[in-house]
Amino acid sequence: LGGDREGPDPVALDDGQQCDHCNMRIDMHPGPVGEVFYSDDAPPSLPDDREDGVAWLCSSRCTYNYILEGEQAGHEPQISYGTDYSTVDHEIVGESGTTVITAHLDADAFADLHDLTLVVNSEIEGAMGSSLIGFSSDDDAESFADDHGGELLAHDDVTREVLAGLESS
């Protein structure tokens, strides 16, 4: 697990980028975000001038939807990153009647998705509602789930069925 995957380093998503899955402006929303790098086999939905074949995503839900849709069309990511809540000073805040986790958009806030334990179906939301909140420390993920509910999943366990379950929660 992890450590042996190679690819470009993550980039900051704090410069007005728009989500390549849903077109929302990334820096205007709470919760985990992601980026997916493709080598020579970038999905056609990416702009031709996008440096390093990187897709920018406003939420973990959009990240996984983008990855799974790309894989179904034969586009395998070189490396994918998500917010690592074990390495940032995050807060849980009330916003518009819901409880959300803060966004962290600096490049050093990201970790390889394969290295994260994801808390799924917790009471804490992100940009697209129910979220997959990643932690590089299993202890941090377990503590978060104990405090806020949810189940723990590994990257490879995220399927369309998992994402559909988020949409109905």
Original post:
Going by the angle between their ring planes, with limits at 30° and 60°, are Phe135 and Phe144 parallel, tilted or perpendicular?
Top reply: tilted

Does any part of the side chain of [Y], heavy atoms only, come nearer than 4.5 Å to the side chain of [X], both counted from C-beta?
X: Asp156; Y: His114; value: yes
X: Glu6; Y: Gln78; value: no
X: Arg160; Y: Gln72; value: yes
X: Pro32; Y: Ile101; value: yes
X: Pro77; Y: Glu71; value: yes

Interatomic spacing from [atom1] in [X] to [atom2] in [Y] - rounded to 0.5 Å:
X: Cys58; Y: His21; atom1: SG; atom2: NE2; result: 9.0 Å
X: Thr117; Y: Leu153; atom1: OG1; atom2: CG; result: 9.5 Å
X: Leu118; Y: Ser60; atom1: CG; atom2: OG; result: 7.5 Å
X: Gln18; Y: Ile26; atom1: CD; atom2: CD1; result: 8.5 Å

If Ile, Leu, Val, Met, Phe, Trp and Tyr residues are connected whenever their side-chain heavy atoms lie under 4.5 Å apart, and connections chain through other members, are [X] and [Y] in the same group?
X: Leu105; Y: Tyr85; answer: no
X: Leu68; Y: Leu116; answer: yes
X: Val36; Y: Val158; answer: yes
X: Leu166; Y: Leu57; answer: yes
X: Leu163; Y: Met128; answer: no

**OP:** Assert yes or no for the condition that the ring centre distance of Phe110 to His104 is strictly below 6.0 Å.
**Re:**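 Judged by ring-centre distance (under 6.0 Å), Phe110 and His104 do not meet the cut-off.
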
Donor-acceptor contact below 3.5 Å, side chain [X] vs main chain [Y]:
X: Glu125; Y: Thr99; result: no
X: Ser122; Y: Val119; result: no
X: Ser143; Y: Asp139; result: no
X: Thr83; Y: Val33; result: yes
X: Ser131; Y: Ile133; result: no
X: Asp106; Y: Asp108; result: no

Original post:
Does atom CG of Asp89 have more than 12 heavy-atom neighbours, drawn from other residues, nucleotides or ligands, at distances under 6.0 Å?
Top reply: no

Original post:
Going through the checks in order, is the side-chain contact (heavy atoms from CB on, under 4.5 Å) test met by Val162 and Tyr64?
Top reply: CA-CA 10 Å; Val162 168; Tyr64 277 101; over 6 Å; no

**OP:** Could you go through the side-chain contact (heavy atoms from CB on, under 4.5 Å) check for Glu35 and Leu13 one step at a time?
**Re:** CA-CA 9 Å; Glu35 46 195 59; Leu13 296 178; 3.5 Å; yes

Closest heavy-atom contact between [X] and [Y]?
X: Gly7; Y: Tyr81; value: O-OH, 4.3 Å
X: Ile67; Y: Ser80; value: CD1-OG, 3.6 Å
X: Ala55; Y: Tyr66; value: CB-CE2, 3.4 Å
X: Asp15; Y: Gln17; value: N-OE1, 2.9 Å
X: Asp27; Y: Asp14; value: OD2-O, 3.9 Å
X: Cys22; Y: Cys19; value: N-SG, 3.4 Å

**OP:** Apply the test side-chain hydrogen bond (donor to acceptor under 3.5 Å, both in side chains) to residues Asp115 and Ser136: give CA-CA distance (whole Å), side-chain angles for both, the deciding distance (0.1 Å), then the verdict.
**Re:** CA-CA 6 Å; Asp115 296 338; Ser136 57; over 6 Å; no

Original post:
Should Leu132 and Arg61 be marked as a side-chain contact (heavy atoms from CB on, under 4.5 Å) after you check the CA-CA gap, both sets of side-chain angles, and the distance that decides it?
Top reply: CA-CA 7 Å; Leu132 305 98; Arg61 287 173 67 168; 4.0 Å; yes

Original post:
Is there a side-chain contact (heavy atoms from CB on, under 4.5 Å) between Ile92 and His148 once you walk through the steps?
Top reply: CA-CA 10 Å; Ile92 307 296; His148 305 288; 4.2 Å; yes

